[in-house]
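Throughout, a chain's letter reflects where its sequence line sits, starting with A, and its residues are numbered from 1.
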Amino acid sequence: MQKKERYKELVEYFSMNYPEAETELVYTNPYELLVAVILSAQCTDKRVNIVTQKLFPRFPTPESLAASTAEEVFEYIRSVSYPNNKAKHLVGMARILVNDFNSEVPNTIEDLQKMPGVGRKTANVIVSVIFNQPAMAVDTHVFRVSHRLGLVPKTAKTPLLVEKQLIKHIPKDKIAVAHHWLILHGRYICVARTPKCSECNLKPFCQAFEKQKFDTPHL
DNA sequence: ATCCCGAGGG
DNA sequence: CCCTCTGGAT
């Protein structure tokens, strides 16, 4: 099957089944989403939501977080992965937010990446979710699922290359929701270790499944 | 033992 | 390119 065809089928299927997929992170403003996404690295959304439930009331604004210390923040986030790094990142991020951006979350990838703890993936989530830009954040799920389905060439070995491929082929108005489609599919069906192909409706369009079928015909 | 909506540093 | 950070769930 041609790549163009895969994209068409993918968009069609997910548009029907998950028309309004969105993040599971709990937040009420751009600042809170930024904090939550920084915390979400190599950590489940559920765990992040548990932590932010107490973190946000203690640090409701960039100013309050900027005025604190990494040591105090650490106590609130110690149950997420890499709590030491993230505590430093959060305080550093808040201070730059206050000092350089008038306490407003900036709306460009470049400005967002000036803050500690904010890499390309996090920046893409913010401009997509908060500022409605056609940006594709490529995390571990998006990367894995894109390769398995055959949406990107094997030569796309970095998240940035995968991002550019997906942006090129997905209709502009579907990019934001497509990000969440790939996340959901990766989280619940096309999981990393043993993908649940028996439950997957994308089999007819999946390159990895096709190849597996060819290698082991009894399946 | 392996993975979870990565980022920073060498 | 590699390595480190390093808690919790399965």
Between [atom1] of [X] and [atom2] of [Y], what distance do you get to the nearest 0.5 Å?
| X | Y | atom1 | atom2 | answer |
| --- | --- | --- | --- | --- |
| Leu90(A) | Leu65(A) | CG | CG | 6.0 Å |
| Gln207(A) | Met1(A) | CD | CE | 11.0 Å |
| Glu12(A) | Phe205(A) | CD | CZ | 8.0 Å |

With respect to the side chain of Asp139(A), which nucleotide from dT6(C), dC5(B), dC3(B) is positioned closest?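 Side chain of Asp139(A) sits closest to dC5(B).
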
Short side-chain donor-acceptor distance under 3.5 Å, Arg144(A) and His141(A):
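Judged by distance alone, the side chains do pair up.
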
Answer with yes or no whether the side chains of Glu63(A) and Ser103(A) bring together a donor and an acceptor at under 3.5 Å.
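Glu63(A) and Ser103(A) do have a side-chain donor-acceptor pair below 3.5 Å.
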
If I take atom [atom1] in residue [X] and atom [atom2] in nucleotide [N], what distance separates them, rounded to the nearest angstrom?
| X | N | atom1 | atom2 | result |
| --- | --- | --- | --- | --- |
| Tyr188(A) | dA9(C) | OH | C1' | 13 Å |
| Asn84(A) | dT6(C) | CG | C1' | 9 Å |
| Glu24(A) | dC4(B) | CD | P | 14 Å |
| Lys86(A) | dG8(C) | NZ | P | 12 Å |

Just checking [X]: base, sugar-phosphate only, or nothing, at a heavy-atom cut-off of under 4.0 Å?
| X | result |
| --- | --- |
| Asp45(A) | base |
| Met115(A) | sugar-phosphate |
| Val138(A) | nothing |
| Ser81(A) | base |

Using a 3.5 Å distance criterion without hydrogens, assess whether the side chain of Lys54(A) forms a donor-acceptor pair with backbone atoms of Tyr76(A).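 Looks like no, no N/O pair under 3.5 Å.
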
For the base of dG6(B) and the side-chain ring of Tyr82(A), does the geometry meet a stacking cutoff of under 5.5 Å between centres and under 30° between planes?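 Per 5.5 Å and 30° rule: yes, stacked.
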
For the student: nearest non-hydrogen atoms of Tyr31(A) and Val105(A), plus distance:
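So the minimum-distance heavy-atom pair works out to N-CG2, 3.7 Å.
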
Examine [N]: is either OP1 or OP2 under 4.0 Å from a nitrogen or oxygen in the side chain of [X]? Give yes or no.
| X | N | value |
| --- | --- | --- |
| Arg47(A) | dC4(B) | no |
| Asn85(A) | dG8(B) | no |
| Arg187(A) | dC5(B) | yes |
| His89(A) | dA7(B) | no |
| Thr140(A) | dC4(B) | yes |
| Thr122(A) | dA7(B) | yes |

Hey, which of these two, Thr158(A) or Arg193(A), hits DNA chain C nearer its 5' end, going by closest nucleotide?
->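 By nearest-heavy-atom nucleotide position, the 5'-most residue is Thr158(A).
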
inquiry  = I want to confirm an ordering. Mapping Pro116(A) and Gly186(A) to their closest nucleotides on DNA chain B, which one lands closer to the 5' end?
reply    =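 Checking each residue's closest nucleotide, the 5'-ward one belongs to Gly186(A).
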
**Of residues 25-43 of chain A, the positions that come close to DNA chain B - non-hydrogen atoms, cut-off under 4.0 Å** =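 Ser40(A), Ala41(A), Gln42(A), Cys43(A), in order of number.
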
_Roughly how many Å apart are dC5(C) and dC5(B), using the P atom of each and rounding to a whole number?_
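To the nearest whole Å, 23 Å.
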
**Study point:** Any Gln165(A) side-chain heavy atom under 4.5 Å of Pro153(A) side chain
**Key:**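 With C-beta onward as the side chain, the pair touches.
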
